[in-house]
Amino acid sequence: MDPISYERAADLNGALRSAQQPGSMYIGGGTNLLDLMKGGVTRPVRLVDITRIGGLDTIATLPDGGLRIGALVRNSDAANHALIRERYPLLSQAFLAGASPQLRNMATVGGNLMQRTRCPYFYDTAFAQCNKRLPGSGCAAIEGLNRTHAIFGASSQCIAVNPSDMNVALAALDAVVRVHGPNGERAVPIGEFHRLPGDRPDIDTTLQMAELITAVDLPPPLFSEHAHYLKVRDRASYAFALVSVAAALQMEGSTVRSARIALGGVAHKPWRAIAAERMLTGHALTDANLREAASSAVSDARPQRDNAFKVELAQRTIVRAVNQAAGRTGGFA
Ligand code: SF4
């Protein structure tokens with residue numbers, strides 16, 4: 001076993017100082033990181049415990065009417081918070097679709113953003129090929145079992161998917177991630193926070209060295225009346241999404257005034273279906289135009305050998321999630 005040093009940061013500046021030492025990693029709830037360490041997938045030299053830093057475990061309204069969720073807020077607390085349930089039901093539903101109650105009680109919002117893929121070849125060190133775990137070693141999934149892998153945005157280096165439900169809802173809501181680092185504070189739109197794999201699949205996010213997530217900001221609520229998170233998985237709980245859809249609408253009668261659609265389980269990052277959103281906006285929500293929009297959402301899908309079913313599943317899940325969000329019945333004939 002490799003020796004690991006442990007420091008409990010008393011404040012933000014202390015955490016940033018400690019994390020600048022080589023081999024350091026932040027630890028919050030630890031629900032993903034400890035699994036990775038036990039499996040020998042991730043080998044930090046120093047753990048910087050951020051759980052005692054004050055002010056990161058609160059949820060507060062912002063002057064513009066939005067909401068700031070501290071990075072140390074537990075997933076279960078966020079899911080059940082009155083303001084999130086009332087104003088951002090999409091996010092509450094996504095939290096509750098993730099993991100198990102025990103894990104949600106420990107896992108933090110910041111840690112959820114940093115979740116690593118559940119590609120089995122990444123977690124099993126018996127496999128020599130995994131560019132995410134061992135850069136330059138190859139990708140066992142491309143020729144291996146790839147039923148759960150990406151249909152969008154993959155590269156010849158990695159076809160893994162982001163496993164988070166929360167991230168999909170945050171993408172639909174245009175959340176902003178607040179980070180602090182040695183050079184100060186910055187705000188990162190959620191769409192720019194996670195990376196596509198490209199030729200560096202070992203890097204999941206655009207965080208810089210020692211930067212720490214401090215909060216997630218939600219814009220003023222626009223979709224509290226018409227939102228639905230739909231997760232399709234192999235079993236009813238404690239399973240990652242094959243495909244998930246976060247759908248949020250503003251409606252005027254039967255006309256869509258604005259639409260947000262984000263997909264999970266299909267790419268290295270939450271995948272916004274911008275073309276589908278545009279096709280719905282300004283039009284009456286009918287079965288025909290919804291199916292057309294769903295079809296446009298997968299027009300650039302590039303499935304792997306085992307996961308072509310996700311192309312059809314994504315369309316069906318979009319149709320059902322949007323219908324649920326709008327309060328319509330209807331599916332995919
Ligand atoms: Fe590793 Fe990515 Fe290939 Fe999975 S898909 S084996 S995480 S490189």
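Count residues from 1 along the sequence. These values consider heavy atoms only, across backbone and side chains, with no hydrogens, waters or symmetry-generated copies. Note that ligands are numbered from 1 as they come in the structure, with each ligand's atoms numbered from 1 the same way.
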What do we get for Arg133 next to ligand 1 when only non-hydrogen atoms under 4.0 Å count, side chain, backbone, both or neither?
-> neither
Does a side-chain heavy-atom distance below 4.5 Å link Leu170 with Leu91?
->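 They are in contact (side-chain heavy atoms under 4.5 Å apart), so the answer is yes.
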With the side chain counted from C-beta on, respond yes when Leu113 and Met166 share a heavy-atom pair under 4.5 Å apart, and no when they do not.
->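 Side chain of Leu113 against side chain of Met166, heavy atoms only: contact under 4.5 Å found.
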Test log, rule side-chain contact (heavy atoms from CB on, under 4.5 Å), inputs Asp234 and Arg147 | CA-CA 11 Å; Asp234 282 329; Arg147 175 176 177 271; 2.8 Å; yes
Counting from 1, what ligand 1 atoms have a heavy atom of [X] closer than 4.0 Å?
{"X": "Ala141", "value": "5 (S), 6 (S)"}
{"X": "Gln157", "value": "8 (S)"}
{"X": "Phe122", "value": "7 (S)"}

Answer yes or no: is there an ion pair linking Arg118 with Asp35, defined by an N-O contact shorter than 4.0 Å?
->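 Result for this pair is no, no salt bridge flagged.
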Considering only protein heavy atoms, which is closest to [atom], and at what distance to one decimal place?
{"atom": "atom 5 (S) of ligand 1", "result": "Ile159 N, 3.3 Å"}
{"atom": "atom 3 (Fe) of ligand 1", "result": "Cys139 SG, 2.3 Å"}
{"atom": "atom 6 (S) of ligand 1", "result": "Tyr121 CB, 3.5 Å"}
{"atom": "atom 2 (Fe) of ligand 1", "result": "Cys158 SG, 2.4 Å"}

Is Glu143 atom CD crowded by more than 12 heavy atoms from other residues, nucleotides or ligands, each under 6.0 Å away?
-> no
Ignoring hydrogens and angles, state whether a donor on the side chain of Gln102 or Asn105 is under 3.5 Å from an acceptor on the partner side chain.
->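 No donor-acceptor contact under 3.5 Å links the two side chains.
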Short check: any N/O/S atom of Cys119 below 2.8 Å from atom 4 (Fe) of ligand 1?
-> yes
Mind telling me whether His149 and Tyr121 have parallel, tilted or perpendicular rings, with 30° and 60° as the class edges?
-> tilted
Closer than 2.8 Å to atom 3 (Fe) of ligand 1, do we get an N, O or S atom from Cys130, backbone or side chain?
-> no
